[in-house]
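Right, one structure below, let's go through it.
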Amino acid sequence: MKAGTIIPKQKGSLEIMDMDIPEISENEVLVKVKMLGLDGTDKELGNGLYGEAPKGQGFLIPGHESIGTVEKVGSAVNGISVGDTVVATVRRPDDCINCKSGESDMCIKGDYLERGIKGENGYMAEYYKEKQEYLVKIPESISEAAVMLEPLSIAEKAVKQVFEVQKRMVWQPKNAIVLGTGTVGLFAAMILRLNGIDVVSVDRTENNPIKDNIYSKMGITHINSMDTPIEELPAKLGKRIDIAVELTGSPKAVASALNLPSINGVLCLLSVTGESYSENIDIGEFNYNMVLGNKVVVGSVNSNISHFIKGVQDMASIESSNPGLLKSMITRRIRLEDFSYDMLSDREQIKNVIVMG
Ligand code: BGC
Ligand code: ZN
C-alpha cells in the first residue's frame with residue numbers, strides 16, 4: 001500500500017512509500033482510508049517543528065483526522081463489521097489513572113502516544129489497523145462530513161470543560177464569544193449554539209461565503225476584529241461575556257482574551273501557539289478581576305472517545321436541520337500524490353482533505 005511519511009523535526013521530508021498492508025490480530029480491525037483531514041498540527045509536522053516517530057522507526061506516517069471503511073475484522077471483534085464507516089481516535093493511553101479510565105485526553109503522566117503525531121503511525125496511508133475500542137461507527141448521513149469528526153471532538157471536549165466549570169453555580173451562562181473561525185472555531189461556535197448559547201464569532205475575515213452561510217444557518221453573529229479589536233468587544237456588544245473560547249493560534253489574541261470574561265465567566269484556551277511571545281500585562285489588574293470576579297481560565301487539549309460519540313450525535317443533528325452545511329467546510333480535496341505541506345498555508349481554505357485511493 002501507499003503511505004505518506006515524514007522524518008519528524010525535518011522540514012521537507014514528506015515522501016510516499018510503498019509498504020505492506022498491516023496484518024490484523026483477533027481483536028483488531030483493518031480500515032481502508034477514504035479521506036484524511038489536515039490541520040495546524042500537520043502544518044507544524046510538515047515544518048519540522050513537532051512530532052515523534054514510533055520507537056525504532058526512522059519515519060512517521062502522519063495524519064490524525066480520518067474516515068474509512070472497515071475492510072477486515074479479527075475473530076474476537078464484535079459490533080463492527082466489514083463495510084462499516086469508521087473514524088479512529090488519536091491518543092493512545094499510558095498507565096496513569098486517567099488513561100486507564102478512558103480519559104487519555106486528561107493524561108497526568110505524559111507518556112501517551114498520538115497516532116500521526118507522537119510515537120505512533122497515523123492515517124496518511126491506504127490502510128491502517130486499530131483495536132475496536134478506538135473506533136467510532138459513523139452513520140450514512142454524515143459519512144463525508146465525519147472526516148472532520150476529530151476536530152469536532154476537540155470542540156466537544158472544550159465546550160464540555162466550560163460547562164463543567166460553570167456547574168459551580170445555579171446561574172447558567174447565556175452568551176459566548178469564540179475567537180477564531182478555523183475548523184475547530186466554527187465547530188465550537190456551532191456546538192455552543194446547539195446548547196442554546198448566544199454566540200459571537202470573531203476573526204479577521206471581511207466576508208467568506210461558506211462561513212457567512214454557517215453564521216446565518218446556525219444563528220451566529222460575526223464580528224471582524226479588524227473593525228472591532230478584541231479589547232473593545234465587551235463595550236461594543238454591551239452584554240455579559242459568560243464564555244470566551246480562544247482558538248486563533250495567535251498569542252497576541254490570547255493576551256487580549258484574558259480580559260474578556262465577565263464576572264463568573266470562563267475563558268477556554270484551545271490553540272497550540274508554539275512561538276514565544278511577550279506582552280506587558282498588568283498582572284495586578286488581571287488578578288484583581290479574576291479574584292473579585294470568580295473567573296476561570298481553562299486550557300483544553302485532545303479528546304477521548306466520549307467526545308467523538310457526542311460529536312457524531314451533534315453532526316447528525318446539524319446535518320438533519322442543515323443538509324450539506326458541514327460538508328461545505330471541506331474546501332479543498334487533493335490526491336495523496338499531489339499533496340504538499342505548503343498547501344496548508346493557504347488561509348482561504350477551511351478544511352483541506354486528502355482523498356485516498
Ligand atoms: C489534535 C489533538 C492533539 C493535539 C496535540 C491536535 O491537532 O487534534 O488530538 O492532542 O494536536 O498533539
Ligand atoms: Zn496517562
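Computation of the quantities below employed the complete heavy-atom set of this structure, encompassing side-chain atoms and omitting hydrogens, waters and symmetry-equivalent molecules. Counting starts at 1 for both ligands and their atoms, following the listed order.
- In summary, K109 and D95 engage in a salt bridge, as defined by a charged side-chain N under 4.0 Å from a carboxylate O.
- Remark: E150 does not engage R115 in a salt bridge, criterion side-chain N to carboxylate O under 4.0 Å.
- Residue contact check: Y50 has heavy atoms under 4.0 Å from atoms 5 (C), 12 (O) of ligand 1.
- Taking the side chain as every heavy atom from C-beta outward, V199 and V178 approach each other to under 4.5 Å.
- Counting heavy atoms closer than 4.0 Å to ligand 1, residue I117 contributes side-chain atoms (C-beta onward) but none from N, CA, C or O.
- Less than 4.0 angstrom separates some heavy atom of E150 from each of these atoms of ligand 1: 1 (C), 2 (C), 8 (O), 9 (O).
- Residue contact check: H64 has heavy atoms under 4.0 Å from atoms 1 (C), 7 (O), 8 (O) of ligand 1.
- With a 4.0 Å cut-off on non-hydrogen atoms, D105 does not touch ligand 1 at all.
- The side-chain heavy atoms of L233 and L179, taken from C-beta on, include a pair separated by under 4.5 Å.
- Without hydrogens or angle criteria, K137 side chain to I80 main chain gives no donor-acceptor distance under 3.5 Å.
- For atom 6 (C) of ligand 1, the closest heavy atom belonging to the protein is T41 OG1, 3.3 Å.
- For the pair F187/L326, a side-chain contact is recorded, criterion being any heavy-atom separation below 4.5 Å from C-beta on.
- Side-chain polar atoms of Y128 and E130 form no donor-acceptor pair below 3.5 angstrom.
- C99 contributes SG and D94 contributes OD1; the angle these two atoms make at the Zn ion (ligand 2) is 90°, rounded to 10°.
- Close approach of ligand 1 to I154 is summarised as follows: ligand atoms under 4.0 Å from at least one heavy atom of the residue are 2 (C), 8 (O), 9 (O).
- Residue E114 has at least one heavy-atom neighbour below 4.0 Å for each of these atoms of ligand 1: 3 (C), 5 (C), 10 (O), 12 (O).
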